[in-house]
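All residue numbers refer to positions in the sequence shown, counting from 1. Only a predicted model underlies this, so the values are computations on that prediction, with no experimental measurement involved.
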Amino acid sequence: MDHAADAHRTDLMTITRHVLNEQSRHPASRGDFSILLSHIVLGCKFVCSAVNKAGLAKLIGLAGETNIQGEEQKKLDVLSNEVFVKALVSSGRTCILVSEEDEEATFVVPALRGRYCVVFDPLDGSSNIDCGVSIGTIFGIYVAQDKDKPSLDDVLQPGKNMVAAGYCMYGSSCTLVLSTGNGVNGFTLDPSLGEFILTHPDIKIPKTGKIYSVNEGNAKNWDGPTTKYVEKCKFPKDGSSSKSLRYIGSMVADVHRTLLYGGIFLYPADKKSPNGKLRVLYEVFPMSFLMEQAGGQAFTGKERALDLVPSKIHQRSPIFLGSYDEVEEIKALYAAEETKA
């Protein structure tokens with residue numbers, strides 16, 4: 001590679017250019033969605049910077065409060081939440097915000113209201129901050145029926161109604177993966193330019209995979225289908241090789257690997273968490289949206305994940321998502337269990 005020549009390239013596909021290109025395909029669009037996404041991107045850059053210098057800035061300690069999920073909040077959680085709330089409100093394009101860190105939904109003041117609702121987890125996997133493991137931000141976007149009269153019904157919709165979803169992973173590099181309903185694209189932050197550059201165009205998840213990702217510490221509480229599937233991964237009876245277990249414990253990192261390499265990510269319901277552990281609106285839905293857009297599947301153990309209709313903003317659900325064929329196997333095991341019942 002000619003690095004000297006590369007340094008002067010201005011024909012790179014940045015995320016801004018990509019979004020504007022998408023916008024040009026919709027002649028009636030007024031650019032509101034592009035403006036909203038630019039504010040989300042700014043929030044991601046800000047959090048990336050804060051994560052990178054967390055140790056130096058003494059941001060790693062606990063803020064001393066507990067969030068709605070009963071989890072101790074890290075200072076970075078609080079900071080990230082403030083960053084995204086301010087970025088989204090100031091865009092002038094949102095009317096409702098739902099964050100993992102806030103007990104209630106935020107209704108934007110009328111003067112700054114727009115037609116979009118954003119659901120987000122400002123810092124997923126934050127228990128991993130202290131040990132340097134990849135963490136990230138997850139978000140999903142809906143359109144409100146009436147921006148002047150927003151209500152919780154605007155966000156308590158099935159995931160298939162989302163107009164966009166994505167995540168930003170803060171790891172060895174800062175990667176933003178986005179879908180606006182027309183495939184999935186990955187962008188990597190170039191720190192010297194301060195720009196996200198298109199590095200993973202049109203991501204397609206392999207139809208099958210050799211990796212499964214699950215917290216096996218919960219195995220004694222699993223239901224029959226999950227137990228059978230994981231057993232088959234470890235001890236295949238058809239003479240094929242065993243699958244590899246990879247579990248980071250940070251949803252963004254585990255799903256990112258699954259998206260690129262194929263396989264399956266499982267967070268099933270169990271006796272301890274009969275409704276599952278992951279939150280529907282800002283974890284299950286955005287990741288399921290991305291998986292489907294990349295050619296994979298997402299299943300709750302009962303139905304297609306994106307068909308689920310949440311009744312509460314912090315509702316939880318089991319989730320199995322990843323390569324098409326792997327999720328088909330899980331679905332078959334649940335169907336067999338149901339037949340026996």
Q: Before giving the answer on salt bridge (charged side-chain N to carboxylate O under 4.0 Å, His left out), spell out for E22 and R25 the whole-Å C-alpha distance, their side-chain angles and the decisive distance to 0.1 Å.
A: CA-CA 5 Å; E22 287 288 302; R25 296 171 47 182; 3.3 Å; yes
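The minimum heavy-atom distance linking G194 with L189 is given by the pair C-CD1, 3.9 Å.
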Scan the side chains in residues 139-148 for donor-acceptor partners under 3.5 Å anywhere in the protein, sequence neighbours excluded, and list what turns up.
from, atom 1, to, atom 2, distance (Å)
Y142, OH, Q157, O, 3.0
D146, OD1, D148, N, 2.9

In a table with atom names and distances, give each donor-acceptor pair under 3.5 Å that connects a side chain of residues 173-182 to protein atoms at least two apart or in another chain.
from, atom 1, to, atom 2, distance (Å)
S179, OG, G181, N, 3.1
S179, OG, G183, O, 2.8

For residues 298-309, tabulate all N or O donor-acceptor pairs below 3.5 Å that involve a side-chain atom, not counting sequence neighbours.
from, atom 1, to, atom 2, distance (Å)
T300, OG1, K302, N, 3.1
T300, OG1, E303, N, 3.1
T300, OG1, E303, O, 3.3
R304, NE, E292, OE1, 3.4
R304, NE, E292, OE2, 2.9
R304, NH1, D307, OD1, 3.1
R304, NH2, E292, OE1, 2.9
D307, OD1, K160, NZ, 3.4

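Checked against the 6.0 Å centroid threshold, F320 and Y229 do not count as a close aromatic pair.
At distances below 3.5 Å, at least one donor-acceptor pair connects side-chain atoms of K243 with backbone N or O atoms of G209. Distance alone, capped at 3.5 Å, places no donor-acceptor pair between the N221 side chain and the K272 backbone.
Scored by the salt bridge (charged side-chain N to carboxylate O under 4.0 Å, His left out) test, E82 finds no partners at all (sequence neighbours excluded).
Counting only residues at least two apart or in different chains, ring pair (Phe, Tyr, Trp, His ring centres under 6.0 Å) contacts with residues 168-224 comprise H18-F187. Sorted by first and then second residue, the pairs that involve residues 33-51 and meet side chain to side chain donor-acceptor pair (under 3.5 Å), not counting sequence neighbours, are Q23-S34.
Ring geometry, F120 versus F84: the interplanar angle falls from 30° to 60°, so the pair is classed tilted.
Criterion: ILVMFWY side-chain heavy atoms under 4.5 Å apart, direct or through other members. Under it, L97 and L156 are not part of a common hydrophobic cluster.
Here the options are E328, E326, E329, the test is side-chain hydrogen bond (donor to acceptor under 3.5 Å, both in side chains), and the partner is T208; only E326 passes.
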